[in-house]
Amino acid sequence: MQVSWALLLQLGALLATLAVLGGVARRFALSPIPVYLLAGLSLGKGGILPLAAGGQFITTSAPIGIVLLLLTLGLEFSAAEFAASLRHHLPSAGVDIVLNAAPGAVAGWLLGLDGVAILCLAGVTYISSSGVIARLLEDLRRLGNRETPAVLSVLVLEDFAMAAYLPLFAVLAAGGGWLRAVGGMVVAVAALLAAFAASYRWGHHVGRLVEHPDSEQLLLRVLGVTLIVAAIAESLHASAAVGAFLVGLTLTGDTAGRARKVLGPLRDLFAAIFFLAIGFSVDPHELIPMLPAALLLAVVTAATKVATGMFAARRDGVARRGQLRAGTALIARGEFSLIIIGLAGTSIPAVAALATSYVFIMAIAGPVLTRYTGGPLAPSAGPAR
């Protein structure tokens with residue numbers, strides 16, 4: 001088999017650069033996510049150092065990164081506990097929709113856009129980035145914090161909402177009718193609810209299926225099952241991330257602990273590629289003209305996300321400092337917003353530049369603001385309560 005030396009060289013140089021950038025960020029007790037995003041921006045279309053050979057690897061590997069991030073996040077919780085948290089936070093989901101979809105819709109209306117374009121901007125400002133936030137919580141060692149179940153409940157309920165939104169918007173953006181759009185939405189939501197119910201009632205069988213004393217077998221089984229479930233979820237216009245999260249919830253006890261251990265290095269590699277890919281997909285020349293409007297929208301929706309997170313955490317009895325941590329953790333936008341922009345790109349070009357600038361600002365600002373609302377981060381510190 002012939003191996004491309006250019007591909008190997010570019011990937012080697014890329015990973016070495018990410019190691020240096022990540023090391024510098026961690027030296028200052030920062031998450032490396034913003035520097036990975038900026039690195040991707042410099043390497044993608046319109047960047048200063050375009051990657052010809054490595055570009056396909058980045059775009060192909062990014063979905064695996066989000067799947068692994070949400071899988072390992074699901075391994076931290078049990079299905080029963082999380083189902084109870086979801087039910088408890090249904091009011092938080094309502095507050096989330098009202099506070100965070102409205103600014104995008106109002107911005108679209110003020111710009112004189114049509115109904116489909118307004119729906120697009122509402123979706124972009126509403127949905128937080130599960131991938132960015134999942135990694136951020138681990139980087140800042142907050143998985144054990146009291147506010148974290150509230151944050152995760154809001155994220156998963158947002159992903160449920162996306163199961164309804166994406167099929168609806170995809171059909172309308174392509175010029176289809178409302179009847180077809182609503183039909184696709186109903187099918188996707190029903191499939192996702194059925195998958196969650198199956199995970200809750202019969203998920204323990206998954207643990208028996210993947211359990212094995214050999215680490216290689218465990219890795220292959222867990223990863224294989226997860227990618228299949230994620231693919232099914234994605235094919236139904238639901239979220240591959242939610243599919244992976246549900247698989248993680250089904251694994252408990254020693255199996256979950258061993259799975260976290262064997263998946264950790266693989267997750268870290270592909271997560272770095274995922275963040276790189278977000279910047280890689282953005283043309284920097286499209287960002288500059290729309291920066292003023294995007295910054296204004298970013299300020300408004302950062303405040304509304306903070307209010308959402310504080311409301312959700314307060315329902316769990318979390319103190320004010322934890323409420324603020326929950327709110328800032330939800331600020332980051334990312335993969336879902338970019339998917340929405342991709343669906344709108346050819347049919348609603350007026351939205352793409354503003355939305356892309358906005359998402360990139362939020363993807364960088366979110367981790368930075370989250371870091372500085374949790375207090376000092378000591379290298380050996382456990383989770384702050």
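To the nearest 0.5 angstrom, Leu157 atom CG is 12.5 Å from Met162 atom CE. Taken from CG in Leu330 to OG1 in Thr370, the straight-line distance is 8.5 Å, to the nearest 0.5 Å. Rounded to the nearest 0.5 Å, atoms CZ (Arg221) and CG (Leu223) are 13.5 Å apart. From Leu99, atom CG reaches atom OG1 of Thr308 across 4.5 Å, with rounding to the nearest 0.5 Å. The CG atom of Leu251 lies 11.5 Å from the CG atom of Leu246; values are rounded to the nearest 0.5 Å. Separating the CZ atom in Phe245 from the CG atom in Leu75 is a distance of 9.5 Å, to the nearest 0.5 Å.
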Test side chain to side chain contact (heavy atoms under 4.5 Å, CB included) on Lys305 and Asp96; report intermediate values, then the result.
CA-CA 7 Å; Lys305 275 295 180 183; Asp96 189 18; 3.0 Å; yes
After noting the C-alpha distance and the side-chain angles of Val35 and Val24, does the key distance pass the side chain to side chain contact (heavy atoms under 4.5 Å, CB included) rule?
CA-CA 9 Å; Val35 293; Val24 171; over 6 Å; no
For Val222 and Leu71, what are the C-alpha separation, side-chain angles and deciding distance, and is it a side chain to side chain contact (heavy atoms under 4.5 Å, CB included)?
CA-CA 9 Å; Val222 172; Leu71 168 63; 4.0 Å; yes
Check the pair Ile133, Ser128 against side chain to side chain contact (heavy atoms under 4.5 Å, CB included), reporting the backbone distance first and the verdict last.
CA-CA 8 Å; Ile133 295 167; Ser128 297; 3.7 Å; yes
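Of the possible donor and acceptor atoms, one in the side chain of Asp214 sits under 3.5 Å from a partner among the backbone N and O of Glu216. At distances below 3.5 Å, not a single donor-acceptor pair connects side-chain atoms of Thr148 with backbone N or O atoms of Gly144.
The shortest heavy-atom contact between Ala294 and Ile361 is CB-CD1, 3.8 Å. Of all heavy-atom pairs between Ser42 and Ala39, the closest is OG-O, 2.7 Å. Heavy-atom minimum distance, Pro103 versus Leu297: O-CD1, 3.9 Å. The two atoms that bring Leu354 and Ala293 nearest to each other are CD1-CB, 3.8 Å, heavy atoms only. Contact detail for Gly243 and Val229: the closest heavy-atom pair is O-CG1, 3.6 Å. Smallest separation of non-hydrogen atoms from Arg146 and Gly317: NH1-O, 3.2 Å.
Annotation: salt bridge (Lys or Arg N to Asp or Glu O under 4.0 Å) contacts involving residues 249-263, sequence neighbours excluded, comprise Glu76-Arg260.
Between Leu41 and Leu37, every side-chain heavy-atom pair lies at or beyond the 4.5 Å cut-off. Counting heavy atoms from C-beta outward, Val98 and Thr304 have side chains that stay 4.5 Å or more apart. In this structure, Arg325 and Val151 have side chains that are not in contact, with every pair of non-hydrogen atoms separated by 4.5 Å or more. Side-chain atoms of Phe274 and Ile64, non-hydrogen and from C-beta on, never get closer than 4.5 Å to each other. A heavy-atom distance below 4.5 Å is found between the side chains of Leu43 and Leu14. The side-chain heavy atoms of Arg315 and Pro91, taken from C-beta on, include a pair separated by under 4.5 Å.
Side-chain polar atoms of Thr301 and Tyr358 form a donor-acceptor pair below 3.5 angstrom.
A continuous path of hydrophobic side-chain contacts links Leu249 to Leu209 [ILVMFWY only; heavy atoms under 4.5 Å]. Clustering ILVMFWY residues whenever any of their side-chain heavy atoms sit less than 4.5 angstrom apart, transitively, puts Leu369 in the very cluster that holds Tyr36. Val182 is not connected to Leu179 by any chain of hydrophobic side-chain contacts under 4.5 Å among Ile, Leu, Val, Met, Phe, Trp and Tyr, and they are in different clusters. Taken together through direct or relayed side-chain contacts under 4.5 Å among Ile, Leu, Val, Met, Phe, Trp and Tyr, Met290 and Val106 form part of one hydrophobic cluster. Residues Leu220 and Val247 do not share a hydrophobic cluster, defined by chaining ILVMFWY side chains whose heavy atoms lie under 4.5 Å apart.
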Anything under 3.5 Å between a donor and an acceptor, one on a side chain of residues 266-273, the other on a protein residue two or more places apart or in another chain? List them.
residue : atom : partner : partner atom : Å
Arg267  : NH1  : Glu138  : OE1          : 3.1
Arg267  : NH1  : Glu138  : OE2          : 3.1
Arg267  : NH2  : Glu138  : OE2          : 2.9
Asp268  : OD1  : Arg135  : NH1          : 3.3

Expected list for residues 118-126: side-chain donor-acceptor pairs under 3.5 angstrom, two or more places apart:
residue : atom : partner : partner atom : Å
Thr125  : OG1  : Asn100  : O            : 2.7
Thr125  : OG1  : Gly104  : N            : 3.3
Thr125  : OG1  : Leu121  : O            : 3.2
Thr125  : OG1  : Ala122  : O            : 3.2

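Counting heavy-atom neighbours within 6.0 Å of Leu90 CG, excluding the residue itself, gives a total above 12.
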